[in-house]
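Each remark here refers to the structure printed beneath this line.
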Amino acid sequence: MEQHNRFWRVVLLAAPLGVFGIFVLWPLFSSFYYSLTDWNGFDPNYSFVGFDNFAKIASDRLFLQAAINTAIWMVAAIVLPTTLGLALALLLDSRVLGARVFKSIFYLPICLSAVIVGQIWIWIYQADWGLLNTIITEVTGEKYKYAWLAKPDTALWSVIVAWSWQQTGLAMVIYLAGLTAIPGDLLEVCEIEGATPWQRFRRVVLPLLAPSTVVVVALSVINSLKGFDILYIMTGGGPFNSSDTLAMHMYNESFKKYLMGYGAAISVVLFLIAMAIIGLYFRQLRKVDRIYG
Amino acid sequence: MADLAPQGRFNPWPATIFVILCVLAVLFLLPTVGVLLSSVKTTRDISMGDLWSLPASLYLGNFAEVLGNPAVHRYFLNTVLVTLPATAVSITLGALAGYVFAKLPFRGSNALFLIIVAGMFFPPQVILVPLFRMFNGMGLIDTLWPVIIVHSALGLPICALMMRNFFATVPNALREAAIMEGASEWQVLTRVVLPLSLPALAVLATLQFTWIWNDFLWPLIFTQSDDKRTIMIGIVNLKGQYSVAWGVQGALSLVASLPTLLVFLFFQRFFIKGMTMGAVKG
Amino acid sequence: MARVQLSDLRKSFGQVQVIKGLDLDIADGEFVVFVGPSGCGKSTTLRIIAGLEDATSGAIRLDGRDVTRTRPADRGIAMVFQSYALFPHMTVADNIGFGLQLQKQDRALISRRVAEVAETLHLTPLLTRYPRELSGGQRQRVAIGRAIIRNPRVFLFDEPLSNLDAALRVQMRLEIARLHQGLGATMVYVTHDQVEAMTLADRIVVFNDGRIEQVGSPMDLYEHPENRFVAGFIGAPAMNFLPVRVLGTQLEVPGMATIPVPPGKEAATELGIRPEHLHVVDGLSADLSGEVELIERLGAETYAYVRVPGLPLDLTVRLPGETALRARSSIALKIDWTRAKWFNASGRVL
Ligand SMILES: Nc1ncnc2c1ncn2[C@@H]1O[C@H](COP(=O)(O)OP(=O)(O)OP(=O)(O)O)[C@@H](O)[C@H]1O
Ligand SMILES: [Mg+2]
């Protein structure tokens, strides 16, 4: 039997591991290699510069700004859609009238691409005739009109709002699935033991949703890393780099300034940050695994 | 969940929740309405700031322009040519890997699994440059191949993760019974385990289809000529062609979003089941 | 400890009435067992007592106080579910202490009470485990632990042992009996297991199709069923039913010589005889004779299924374990007429 198993492992894993190794792992290690060079992207002659690129990072003002923005972006882009999605799922789970219709409405934005979403929200934030300012003007007069995307203090958060709008639906459907999977008798125990609605949510429902949360967070992380698209379209990192993220910074250094080596060094740092997040994530995953098997 | 309101009295919660949901639904729909509005207005109206008002008359010229444009047909064809194979391949690879990790674990398989899953947590830009070099060396730049390949490879981690979780819920006894009946591992996978995982496959197919269809980065990098571009690039390119052809862009955006919407509506009924099977154990 | 009274309890799900008017008075400290065929409304009744379902009409009183509209938590009732309903994300200790934690009781007090309860249920070494790391019997004990920690007035059990293997079932049955003696609480217990019902119950309530057929002590129901349903339901293997016809003063039983109608049984249409009240005799004194179709040997006793010419169904006969009978051998049976039950056309016992 063991021999049979070994044979099939090799057969079944060959294709996935091959593809993954060649098109993901290998380029990843190449990136590490380029980060130690001064390659400019087209010149076949480049030299090995050791950790110079990383030393340069330390003195790069824009890098720090971008790193902070990346942190803000990652946390907000994970937390906001997740909480909002959970809230919607809880509301929809109470078998409200028209739940199916609501569900489709909230999911709809997921079907749109970042390109389209970016464009819509540019129209919403538009300074003169954008929807937001139109409404604000109706209610409060001209006083609170604001150039949301053009001002450094609101640009990043404006994009985060757009992003949350798009991503909430996904968290919602996953949580809805999770809620239906909670055994009814566990909730009945809460009733018999006299849990308040808050206690029931906090001590029973939320922990029981942990497996869903694992999936929601995984998908949110993946998507927020892709969030390059929407930032690129809505602000391009501006104004004055106020919504610059590491991915954008790396893109600019690599493809606009042709500093591929330096860009690669930034991507290595970005990779390390991502790894730290994965570490946390897997620790949580192990705990969930112990409980739910 | 059972409601907790005191029994026998009027329960205000359903009505309150309904109202809250209605308000949220309107807020959620507003941006989408923006696209709808832009698609039935002339670019001239929009550039004069008249986007958010209800149109006096429906202008269908944008749709006519989009649907009659051979370049748009080409964009659509290219997107289909990328999305369908990449979705199928990434799910197939994920199913193969997920099956081994769920049903044929070995020493070190957990570590290997972690490495693969870690593959979904780094920004794809990190490997952009090396990939470009690689495909350039293979002479595949400005074809659809690199886009298909990269989507298949980058979709693998999430597919492997979810398929492993789905497969883990299929009782081992089923596999063992099939093997006792003389089925090969391949037959166990294709005849027993996969048919049981159809809802899960539907969920994964929906997600992968949506992501790949909507992607903008990879076709932007790997294709250059207009007849190799996909629809999302097409939308952005419209900007270039007519300065900003907002109305046409809106119409094209709407048309471009239809396939993902249809896929979701079609697979929607599997969502709860698929998600609960794989994601929500216990 | 409490008295539980149900009066004219009814419950409908949509158009379908599943509880059709129950009246039941359960004394303080009594152990009452609900039995009945699947779908007859046992669980529903239990859940109405718990407050998990609203009664459509009728009232529930605990110690005389009307609790029909009281929230489950305020009724002072504990319930043990068939599925155990343990929280997978909480350790055994947290599962048991859940109710007290909800009440924001003092931590030291909670852990002391949890320790006490764990001690009674032999759970002390398992307190830090998660439910999925426990066996079925251990899970069941945790579920019971969660029920007893709050000193509830009434315990409700819905088929608590049906997921356990036979040996564990016996062990847990004794455990529950011990618990009942120790706590002296009122207990309502649903089961499909005759042995559980007979051994645990002070009184058994036989349900059928949303109504109570009969209430009584186990022996009472066994000896004096009021109708054909109860007679057939209580006792395993089930009672044999023979169609009879009264012709003037004579009684006709298929496969048997006619006998005089016993006094008071003139309206009889059916005769009921328990398997243990048929005795193997030699041919002369026999009431019935036939051929053994099948023999089931259980060790301590043996069941023979006997084909009697003229009878629509095989007769079940209970025999000692070491009988020499085999399939296909002929057999002669004598009826213990003193224990026979007579039923009229509407199923009443005469
Ligand atoms: N929530 C519900 N909605 C509709 N019908 C229900 C509901 N719950 C129970 N019923 C119906 O009520 C009847 C009684 O159900 P109940 O669960 O009380 O039976 P039971 O006696 O406990 O059966 P079992 O021995 O199989 O557990 C059944 O016919 C069942 O189909
Ligand atoms: Mg039941």
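As a basis for the values below, the full set of heavy atoms in this structure was taken, side chains included, without hydrogen atoms, waters or symmetry mates. Protein chains get the first letters and strands the later ones, always in sequence-line order, with residue 1 at the start of each.
A heavy-atom distance below 4.5 Å is not found between the side chains of A:Trp165 and B:Leu30. Inter-residue side-chain proximity for B:Met134 and A:Pro27 is flagged as met; some heavy-atom pair is nearer than 4.5 Å. Between B:Leu261 and A:Leu108, the closest side-chain pair of non-hydrogen atoms falls below 4.5 Å. Proximity of A:Ser113 to B:Trp213: side-chain heavy atoms (C-beta onward) are nowhere separated by under 4.5 Å. A:Phe7 is not listed as a side-chain neighbour of B:Glu185, based on a closest heavy-atom distance of 4.5 Å or more.
Minimum interatomic distance between A:Arg9 and B:Pro105 (heavy atoms only, all atoms of both residues): NH2-O, 3.1 Å. Among all heavy-atom pairs drawn from B:Phe18 and A:Leu97, the shortest one is CE1-O, 3.5 Å. The two residues A:Trp8 and B:Ser184 come nearest to each other via the heavy atoms CZ2-CB, 3.9 Å. Smallest separation of non-hydrogen atoms from B:Ile115 and A:Phe20: O-CZ, 3.9 Å. Among all heavy-atom pairs drawn from A:Ile233 and B:Phe216, the shortest one is CD1-CE2, 4.4 Å. Heavy atoms only, all atoms of each residue included: A:Tyr34 and B:Pro130 are closest at CE1-CG, 4.0 Å.
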Show the numbers, then the answer: is there a side chain to side chain contact (heavy atoms under 4.5 Å, CB included) between B:Phe264 and A:Ile110? CA-CA 10 Å; B:Phe264 171 68; A:Ile110 288 281; over 6 Å; no

Under the criterion side chain to side chain contact (heavy atoms under 4.5 Å, CB included), I'd like the reasoning laid out for A:Val215 against B:Leu161: C-alpha separation, chi angles, the key distance, then a yes or no. CA-CA 9 Å; A:Val215 175; B:Leu161 171 71; over 6 Å; no

Step by step, would you call B:Val89 with A:Val19 a side chain to side chain contact (heavy atoms under 4.5 Å, CB included)? CA-CA 11 Å; B:Val89 172; A:Val19 169; over 6 Å; no

B:Phe106 and A:Arg6: CA distance, side-chain angles, deciding distance, side chain to side chain contact (heavy atoms under 4.5 Å, CB included) verdict: CA-CA 9 Å; B:Phe106 51 95; A:Arg6 199 171 307 149; over 6 Å; no

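The number of heavy atoms from other shown groups lying within 6.0 Å of OH (A:Tyr258) does not exceed 12.
For a residue to count as touching a neighbouring chain, one of its non-hydrogen atoms must lie under 4.5 Å from one of that chain's; by this rule A:Ser31 touches chain B with backbone and side chain alike. In this structure, the portion of B:Leu156 lying under 4.5 Å from any heavy atom of chain A is its side chain and not its backbone. The contact between A:Val24 and chain B is made by backbone and side chain atoms together, counting heavy-atom distances below 4.5 Å. Looking at B:Leu24, both its backbone and its side chain come within 4.5 Å of chain A, counting heavy atoms on both sides. Interface remark: B:Val100 contributes side-chain atoms only to the contact with chain A (heavy atom separation under 4.5 Å). Both the backbone and the side chain of B:Cys22 come within contact range of chain A, judged by heavy atoms closer than 4.5 Å. When heavy atoms are compared at a cutoff of 4.5 Å, B:Ile116 approaches chain A by way of both its backbone and its side chain. Contacts of B:Thr206 with chain A are made by side-chain atoms alone, with heavy-atom separations under 4.5 Å and no backbone atom involved. With a 4.5 Å cut-off on non-hydrogen atoms, B:Pro146 does not touch chain A at all. Residue contact with chain A, scored on non-hydrogen atoms closer than 4.5 Å, is absent for B:Leu252. For a residue to count as touching a neighbouring chain, one of its non-hydrogen atoms must lie under 4.5 Å from one of that chain's; by this rule B:Trp186 touches chain A with backbone and side chain alike. At a 4.5 Å heavy-atom cutoff, B:Phe209 makes no contact with chain A through either its backbone or its side chain. Both the backbone and the side chain of B:Leu217 come within contact range of chain A, each with at least one heavy atom under 4.5 Å from a heavy atom of that chain. With a threshold of 4.5 angstrom between heavy atoms, B:Ile158 approaches chain A through side-chain atoms but not through N, CA, C or O. For B:Ile233, no part lies near chain A; criterion is any non-hydrogen pair under 4.5 Å. Residue B:Met232 touches chain A through both its backbone and its side chain, counting heavy-atom pairs closer than 4.5 Å. Using a 4.5 Å cut-off between heavy atoms, A:Thr213 makes no contact with chain B at all.
To the nearest 0.5 angstrom, A:Leu112 atom CG is 10.0 Å from B:Thr210 atom OG1. Atoms CD1 and CG, on A:Ile105 and B:Leu29 in that order, are 4.5 Å from each other to the nearest 0.5 Å. Note that CD1 of A:Ile116 and CG of B:Leu254 are 8.0 Å apart. Values are rounded to the nearest 0.5 Å. In this structure, the separation between CG on B:Asn214 and SG on A:Cys111 is 8.0 Å, given to the nearest 0.5 Å. Rounded to the nearest 0.5 Å, atoms CZ (A:Phe106) and CG (B:Leu21) are 5.5 Å apart. The line from CD1 of B:Ile127 to CZ of A:Phe29 is 12.0 Å long, rounded to the nearest 0.5 Å.
Of all the listed residues (B:Val150, B:Leu265, B:Leu114, B:Leu154), the one sharing the greatest number of non-hydrogen pairs under 4.5 Å with chain A is B:Leu114. The candidate from B:Ser38, B:Ser152, B:Pro259 with the greatest count of non-hydrogen atom pairs under 4.5 Å with chain A is B:Ser38. Between chain B and the residues A:Trp123, A:Phe271, A:Phe23, the largest count of heavy-atom pairs under 4.5 Å involves A:Trp123. For chain A, the option among B:Ala97, B:Gly250, B:Gly34 with the highest count of heavy-atom pairs below 4.5 Å is B:Ala97. Ranked by heavy-atom pairs shorter than 4.5 Å toward chain B, the options A:Val117, A:Ile266, A:Leu17 are led by A:Leu17. Taking chain B as the reference chain and counting heavy-atom pairs below 4.5 Å, the highest number among A:Ala15, A:Ser267, A:Ser30 is found for A:Ser267.
Outside the 6.0 Å centre-distance limit, the rings of A:Tyr107 and B:Phe28 are not counted as a close aromatic pair.
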